[in-house]
Amino acid sequence: MKLSPEYFQQNDVVALAKDLIGKHLYTSIDNQLCSGIISETEAYAGIGDKACHAHLGRFTKRTRVMYKTGGIAYVYLCYGIHHLFNIVTNQKGVADAVLIRGVIPVEGIETMLKRRKKDKITSQLCSGPGNFTQAFGITKTHNSHSVCSQQIWLKDHCIEANKIKATPRIGIDYAEEDALLPWRFVGDFEGI
DNA sequence: TAGGTGATCTTG
DNA sequence: AAGATCACCTAT
């Protein structure tokens, strides 16, 4: 079943990041259907989280979308090259989001290979936040776009991970003590 | 392990 | 206005 906007408006972004492991993510972009099982996420908990772009209430052209009502995408350019895809969560005014860091490819693998300029499937096809967005055709043009739409949507018909591991988040060493929070979730889908 | 790339934030 | 930094990836 397609996930509704209300699903993304839950107020516990860490629980939601964990719950998203095993959900089925779809894009239909440039007429190419791609889908995969979400295997890796990170929670970013708004203005009180030193790792979050909206820390201390930063409200800029880039971060403003994080304050909107949950159920839309926050896509931004990282290191000048990579488009990183987050799902904005919680209620209007709360700047929480979940970063999607990797999926297990299911449908549209030919399209993914072409977008990634690869000729073989490897474990890295959709793994890593920049690799995943490239494979699925997600770019900054999808910023602020609904994730319950015709172009991007999620489904619940579920695959349960064998195990879900919680670890510190990646690439946020600047976030001092918050860098240690176990808010990254990795699903083990070995043998599924 | 270094370098690419550009938006954003910080400093003078 | 310039310089540093940054939720990364690829190839040497």
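Quick note: numbers below take in every heavy atom, side chains included, and nothing from hydrogens, waters or symmetry partners. In this text the structure is predicted, and so the values were computed from the model without any measurement. Each chain gets a letter, A, B and so on, in the order its sequence line appears, and its residues count up from 1.
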I need the [atom1]-[atom2] distance between [X] and [N], as an integer number of Å.
X: A:His83; N: B:dG6; atom1: NE2; atom2: P; answer: 10 Å
X: A:Ile81; N: B:dG4; atom1: CD1; atom2: P; answer: 10 Å
X: A:His55; N: C:dT5; atom1: NE2; atom2: P; answer: 18 Å
X: A:Tyr44; N: C:dC6; atom1: OH; atom2: P; answer: 13 Å
X: A:Met66; N: B:dT8; atom1: CE; atom2: P; answer: 14 Å
X: A:Lys120; N: C:dT10; atom1: NZ; atom2: P; answer: 15 Å
X: A:Lys117; N: C:dC9; atom1: NZ; atom2: P; answer: 16 Å
X: A:Leu56; N: B:dT8; atom1: CG; atom2: P; answer: 18 Å

Is there ring stacking between A:Tyr76 and B:dA7, where the centres must be under 5.5 angstrom apart and the planes under 30 degrees? no

Output yes when at least one side-chain N/O atom of [X] is less than 4.0 Å from OP1 or OP2 of [N], else no.
X: A:Gln124; N: C:dT10; result: yes
X: A:Arg101; N: C:dC8; result: yes
X: A:His53; N: C:dA7; result: yes
X: A:Arg184; N: C:dA7; result: no

At what distance, to the nearest 0.5 angstrom, does CD1 of A:Ile159 lie from OG of A:Ser39? 11.5 Å

For [X], answer base if it contacts any base atom (sugar-phosphate contacts may also be present), sugar-phosphate if it contacts only those atoms, and nothing otherwise; contact means non-hydrogen atoms under 4.0 Å.
X: A:Arg169; value: nothing
X: A:Asn86; value: base
X: A:Leu99; value: base
X: A:Leu77; value: sugar-phosphate

Using a 6.0 Å distance limit plus a 45 degree cone around the ring axis, check whether A:Arg64 lies over the aromatic ring of A:Phe59. no

NZ or CZ of A:Lys155 within 45° of A:Tyr26 ring axis and under 6.0 Å: yes

Under-4.0 Å salt bridge between A:Lys165 and A:Asp188: no

Member of A:Arg116, A:Lys117, A:Arg115 meeting the side chain to side chain donor-acceptor pair (under 3.5 Å) criterion with A:Gln134: A:Arg116

For the residue pair A:His53 / A:Tyr44, report whether a side-chain donor-acceptor contact shorter than 3.5 Å exists. no

Out of B:dC9, C:dA7, B:dG4, minimum distance to the side chain of A:Leu84 belongs to C:dA7

Nearest to the side chain of A:Arg62 - C:dT10, C:dA7, B:dT8? B:dT8

Toss me the dot-bracket line for DNA chain B: Watson-Crick and G-U wobble, both under 3.5 Å, 5' to 3', using | for pairs to another strand and [ ] for crossers. ||||.||||||.

A quick test of your reading: do over 12 heavy atoms of other residues, nucleotides or ligands sit less than 6.0 Å from NZ of A:Lys18? no

Does A:Lys140 or A:His82 map to a spot on DNA chain B nearer the 5' end, using the closest nucleotide for each? A:His82

Would you say the ring centers of A:Phe85 and A:His83 fall short of 6.0 Å from each other? no

